[in-house]
Trainee: 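Would you mind keeping the following structure in view while I ask a few things?
When a ligand or atom number is given, it counts from 1 through the structure's own listing order. Heads up: numbering here begins at 1 and tracks the sequence.
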Amino acid sequence: MFIRPAEIADEKLLWAMLYEASYARDGGMDSPDQLRDVPTLAHYVEDWGAAGDLGVVGGFDGVALGAAWLRLFDAADPAYGWIDADTPELAIGVAPETRGTGLGTALMSALLDAAREKFDAVSLSVRLENPAVRLYQRLGFVEVEGSGKVNPAGTTSVTMVLRFR
Ligand SMILES: CC(C)(COP(=O)(O)OP(=O)(O)OC[C@H]1O[C@@H](n2cnc3c(N)ncnc32)[C@H](O)[C@@H]1OP(=O)(O)O)[C@@H](O)C(=O)NCCC(=O)NCCS
């Protein structure tokens with residue numbers, strides 16, 4: 001397994017992993033390219049490499065199969081798990097055939113180690129039925145009280161936050 005910092009050239013992989021993270025297939029999209037036309041999702045990746053962007057890429061045998069990244073949003077264009085303009089929101093995806101291999105845990109650990117140096121906290125949005133909730137809890141994320149919202153799938157998504165200090 002390898003983990004390395006995400007570079008500007010990784011934007012295509014990030015679109016592919018946003019497709020996984022947003023369950024776009026279940027929403028009827030056939031390809032990551034369609035995310036570009038959905039502003040509330042596209043803003044997680046478009047123009048990747050902006051100031052404040054931070055990410056990691058990982059995989060096996062030199063093949064990138066997952067990514068975790070974070071980005072700051074402002075009040076005028078908040079993301080799903082937005083808390084404030086100083087708290088970046090995290091997104092993560094691993095290729096379906098690679099899930100359950102420890103890659104997601106390694107990506108999260110590497111990204112959070114890097115984030116700790118730059119930010120006081122990190123947030124994310126997750127569907128309550130997603131098994132990833134356990135991963136986030138293990139790493140110290142806690143649910144933000146009152147953050148539950150009905151998502152496009154008709155289930156509940158919550159905001160979780162990890163405070164470093
Ligand atoms: C969540 C995800 C990034 C974790 O990556 P991974 O490589 O599977 O992670 P690991 O092997 O390190 O396992 C860690 C945790 O991931 C979750 N996980 C494992 N396999 C999974 C799967 N097939 N689907 C969803 N989550 C899974 C579990 O929470 C697991 O913890 P557990 O053992 O306590 O159940 C990955 O499963 C994924 O891309 N899922 C679909 C997209 C997604 O849900 N992204 C997050 C949106 S908030």
Trainee: Report, in ascending order of atom number, the atoms of ligand 1 lying under 4.0 Å from any heavy atom of Val126.
Mentor: 48 (S)
Trainee: Determine, using heavy atoms of Ser125 and all atoms of ligand 1, whether some pair is separated by less than 4.0 Å.
Mentor: yes
Trainee: Quick one: which ligand 1 atoms are inside 4.0 Å of a heavy atom on Ala132?
Mentor: 1 (C), 29 (O)
Trainee: Which of the atoms in ligand 1, numbered in the order shown and given with their element, are less than 4.0 Å from a heavy-atom of Leu103?
Mentor: 7 (O)
Trainee: To check you understand the geometry: which heavy-atom pair defines the closest contact between Ser125 and Ser157, and what is its length?
Mentor: OG-CB, 4.1 Å
Trainee: Do the side chains of Asp86 and Lys118 get close enough for a salt bridge, i.e. N-O under 4.0 angstrom?
Mentor: no
Trainee: Is a donor on one side and an acceptor on the other found under 3.5 Å between the side chain of Ser22 and the backbone of Leu18?
Mentor: yes
Trainee: Counting each atom of ligand 1 from 1 as listed, which ones have a heavy atom of Ala21 under 4.0 Å away?
Mentor: 42 (C), 45 (N), 47 (C)
Trainee: Relative to atom 31 (O) of ligand 1, which among Met17, Arg134, Glu20, Arg138 owns the nearest non-hydrogen atom?
Mentor: Arg138
Trainee: Would you please say whether a donor-acceptor pair under 3.5 Å links the side chains of Glu89 and Tyr44?
Mentor: yes
Trainee: When you measure from atom 28 (C) of ligand 1 to every protein heavy atom, which one gives the shortest distance, and what is it?
Mentor: Pro131 O, 3.6 Å
Trainee: Quick check, are the ring centers of Phe2 and Phe60 under 6.0 angstrom apart?
Mentor: no
Trainee: Are any side-chain N or O atoms of Arg71 and backbone N or O atoms of Ala51, one a donor and one an acceptor, separated by less than 3.5 Å?
Mentor: no
Trainee: May I ask you to list the atoms of ligand 1 that are less than 4.0 angstrom from any heavy atom of Gly93?
Mentor: 39 (O)
Trainee: Please check if the side chain of Asn130 supplies one atom and the backbone of Val133 the other of a donor-acceptor pair under 3.5 Å.
Mentor: no
Trainee: Could you name the option among Val94, Leu18, Leu90 that has the heavy atom nearest to atom 39 (O) of ligand 1?
Mentor: Val94
Trainee: What protein heavy atom is closest to atom 46 (C) of ligand 1, reported as residue, atom name and distance in Å?
Mentor: Tyr136 OH, 3.2 Å
Trainee: Check each heavy atom of Asn130 against ligand 1 and say whether those closer than 4.0 Å belong to the side chain, the backbone, both or neither.
Mentor: side chain
Trainee: Has Ile92 got any heavy atom lying under 4.0 angstrom from an atom of ligand 1?
Mentor: yes
Trainee: Any atoms of ligand 1 less than 4.0 Å from a non-hydrogen atom of Gly102? List them with their elements.
Mentor: 10 (P), 11 (O), 12 (O)
Trainee: Starting from atom 15 (C) of ligand 1, locate the nearest protein heavy atom and write down its residue, its atom name and how far away it is, to 0.1 Å.
Mentor: Leu135 CB, 3.8 Å
Trainee: Can you check whether Val94's main-chain N or O pairs, donor with acceptor, with Arg99's side chain at less than 3.5 Å?
Mentor: yes
Trainee: For atom 9 (O) of ligand 1, which of the options Gly58, Ala67, Gly104, Gly66 provides the nearest non-hydrogen atom?
Mentor: Gly104
Trainee: Starting from atom 20 (N) of ligand 1, what is the nearest protein heavy atom, named by residue and atom, and what distance separates them?
Mentor: Gly100 N, 3.7 Å
Trainee: Could you tell me whether Arg99 approaches ligand 1 through its side chain, its backbone, both or neither, with non-hydrogen atoms closer than 4.0 Å?
Mentor: both
Trainee: When you measure from the side chain of Gln34 to the backbone N and O of Ser31, does any donor-acceptor pair fall under 3.5 Å?
Mentor: yes
Trainee: Do the side chain of Asn151 and the main chain of Gly154 share a donor and acceptor less than 3.5 angstrom apart?
Mentor: yes
Trainee: Do Trp82 side-chain atoms and Phe73 backbone N/O form a donor-acceptor pair below 3.5 Å?
Mentor: yes
Trainee: Measuring to protein heavy atoms, does anything land under 4.0 Å from atom 2 (C) of ligand 1?
Mentor: no
Trainee: So which protein heavy atom does atom 12 (O) of ligand 1 come closest to, and at what separation?
Mentor: Thr105 OG1, 2.5 Å
